[in-house]
Amino acid sequence: MKLVSVIMPAYNAGDFINEAIESILKQTYKEWDLTIVNDGSVDNTKILIEEYTKKYPNKINLINKDQNEGTASALNILIKSVSGKYICWLSADDLYTPDMLKESVEFLEKNNQFDLVFSDYETINENSEFLQKSVFKKV
């Protein structure tokens, strides 16, 4: 199985980051690692991430920055720091469905003419209540 490096920029994500991380832990595809940049958060984001890095030291990594420099800077740091065959971006206030990594890897492995995949998505509110679904044409 191919390693998938999930990257997560996080800034003041204390209200949502547990759910985001849990959605990675619940993946049916198990060959993943998660690297999170805490981008100078002033809330409890760093503390919450550290709880996961202690519990899953071989799966979840933290890169801590003292000053916020924005998502693009955090993504650049993340991309340079991971080693998986595939890279997947999950924002700290988003969730993956349990089969997201499995389905993405299967597609890429069967269709080597593609370098990336994008999926349908559902929009939810801060209480995880469904708002709408966006569907894209499948190849």
Would a 4.5 Å heavy-atom cut-off, applied to side chains only, mark E69 and Y11 as touching? no
Indicate, with yes or no, if F16 and I47 share a hydrophobic cluster defined by side-chain heavy-atom contacts under 4.5 Å among Ile, Leu, Val, Met, Phe, Trp and Tyr. no
Got C88 and W32 here, is their nearest side-chain heavy-atom distance under 4.5 Å? no
Out of curiosity, I60 CD1 to L34 CG, how far, rounded to the nearest 0.5 Å? 5.0 Å
Can a donor-acceptor pair be found between the side chains of E22 and Y52 at a distance below 3.5 Å? yes
Each residue besides V42 in its hydrophobic cluster should be listed here, by chain and number; the cluster joins Ile, Leu, Val, Met, Phe, Trp and Tyr at side-chain heavy-atom distances under 4.5 Å. none
Rounded to the nearest 0.5 Å, how far does OG1 of T53 lie from CG of N58? 11.5 Å
Check: M8 and I17 side chains under 4.5 Å, non-hydrogen atoms: yes
Can you tell me if S41 uses its side chain to pair, donor with acceptor, with the backbone of K46 under 3.5 Å? no
Applying the 4.5 Å side-chain criterion to the ILVMFWY set and letting contacts propagate, would F114 and V117 be lumped into a single cluster? yes
When rounded to the nearest 0.5 angstrom, what distance separates OH in Y96 from OH in Y29? 13.5 Å
K85 with E31: basic N within carboxylate O range, under 4.0 Å: no
D43 side chain to G14 backbone, donor-acceptor under 3.5 Å: yes
Indicate whether any N or O donor in one side chain lies under 3.5 Å from an N or O acceptor in the other, for D93 and S91. no
Distance, nearest 0.5 Å, that separates NZ of K30 from CG of L25: 8.0 Å
Regarding K54 and E50, does a basic nitrogen lie under 4.0 Å from an acidic carboxylate oxygen? no
Nearest-0.5 Å distance that lies between atom CG in D39 and atom CG in N12: 9.5 Å
For the residue pair T35 and S5, establish whether any side-chain heavy-atom pair is separated by less than 4.5 Å. no
Go through Q27 and K102 one step at a time and tell me if the side-chain contact (heavy atoms from CB on, under 4.5 Å) criterion holds. CA-CA 8 Å; Q27 289 299 299; K102 176 181 170 281; 6.0 Å; no
For N111 and Q113, indicate whether the former's side chain and the latter's backbone hold a donor-acceptor pair under 3.5 Å. no
Does I36 reach the side chain of I21, with side-chain heavy atoms less than 4.5 Å apart? yes
Taking atom NZ of K59 and atom CD1 of I24, what is their separation to the nearest 0.5 Å? 10.0 Å
Does atom NZ of K65 have more than 12 heavy-atom neighbours, drawn from other residues, nucleotides or ligands, at distances under 6.0 Å? yes
Connected hydrophobic set around L78, excluding itself, where side chains approach under 4.5 Å: I7, V37, I63, L75, I77, I79, V82, I87, W89
Whether the side chain of D94 engages the backbone of L90 through a donor-acceptor N/O pair (distance < 3.5 Å, no angle test) should be reported. no
